[in-house]
Amino acid sequence: MKSTKSTGFTLIELVITVAILAIIVALALPSYTNYMFRIRRADAKDLILRIAAAQERTYTNYNRYANTVTGAAPGGLGFSAGGDSTKDGTYTVAIEAIGAPGTPLAAPFQTYQLSATPTGIQAPDKCKVLSVDSTGKKDKTGDETNGKCW
């Protein structure tokens, strides 16, 4: 009588392998999620700084800041439709234009503040709303527990 040797996996070996994989995934997933938050935040910083640069060009040419991202100068910055959000739609940028001191809001805007608000999958980001104003001051409404916001 000839004995045959089994060459497959035992149930114990399979359970141990699955448990090891579950531990690796449990450790790696939060790091990956935080990494993706930082990547998408970099896109928002790029967009907000491009809009700030366009604001400065508008101010140089028209002696006023624009109050919209889309539309023609001097009231708009000339970005195409959807130019007020990142490519993947995770941040939306808004302009708060402020008139000269003591003048109505319709007067030429002499200061501005840009704010990038996280939306969708980016909403849980710890930095929350990123902002920059006409003096170049960068700020955030959240905390920096997931890397530097700016």
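All residue numbers refer to positions in the sequence shown, counting from 1.
- Proximity of Asp125 to Asn146: side-chain heavy atoms (C-beta onward) are separated by under 4.5 Å at one or more points.
- Residues Phe9 and Ile16 are not in side-chain contact: their nearest non-hydrogen atoms beyond the backbone lie 4.5 Å or more apart.
- For the pair Gln110 and Asn63, the tightest heavy-atom approach, listed with the atom from each and the gap, is NE2-O, 3.3 Å.
- Between the side chain of Gln55 and the backbone N or O of Thr111, no donor-acceptor pair lies under 3.5 Å.
- Taken from OG1 in Thr17 to CD1 in Ile12, the straight-line distance is 11.0 Å, to the nearest 0.5 Å.
- Looking at Phe37 and Pro124, their side chains come closer than 4.5 Å, going by heavy atoms from C-beta outward.
- With Thr70 contributing its side chain and Asp84 its backbone, the two residues share no donor-acceptor pair below 3.5 Å.
- Put simply, the side chain of Arg41 never gets that close to the backbone of Pro118: no donor and acceptor are under 3.5 Å apart.
- One finds the CD atom of Gln122 at 11.5 Å from the OG1 atom of Thr92 (value rounded to the nearest 0.5 Å).
- Closest non-hydrogen pair, Thr58 versus Pro74, comes out as CG2-O, 3.9 Å.
- Remark: the backbone N or O of Glu96 is not paired with any side-chain donor or acceptor of Gln113 at under 3.5 angstrom.
- Of the residues Leu49, Val69, Val132, Asp133, the one that meets the side-chain contact (heavy atoms from CB on, under 4.5 Å) test with Leu114 is Val132.
- Rounded to the nearest 0.5 Å, atoms CD1 (Ile48) and OG (Ser115) are 6.5 Å apart.
- Side chain of Thr68 to backbone of Gly75: a donor-acceptor contact under 3.5 angstrom is found.
- The minimum heavy-atom distance between Ala54 and Phe79, with the atom names listed, is CB-CE1, 3.8 Å.
- At least one donor-acceptor pair under 3.5 Å links the side chain of Thr141 to the backbone N or O of Val129.
- Smallest separation of non-hydrogen atoms from Gly89 and Thr119: O-OG1, 2.8 Å.
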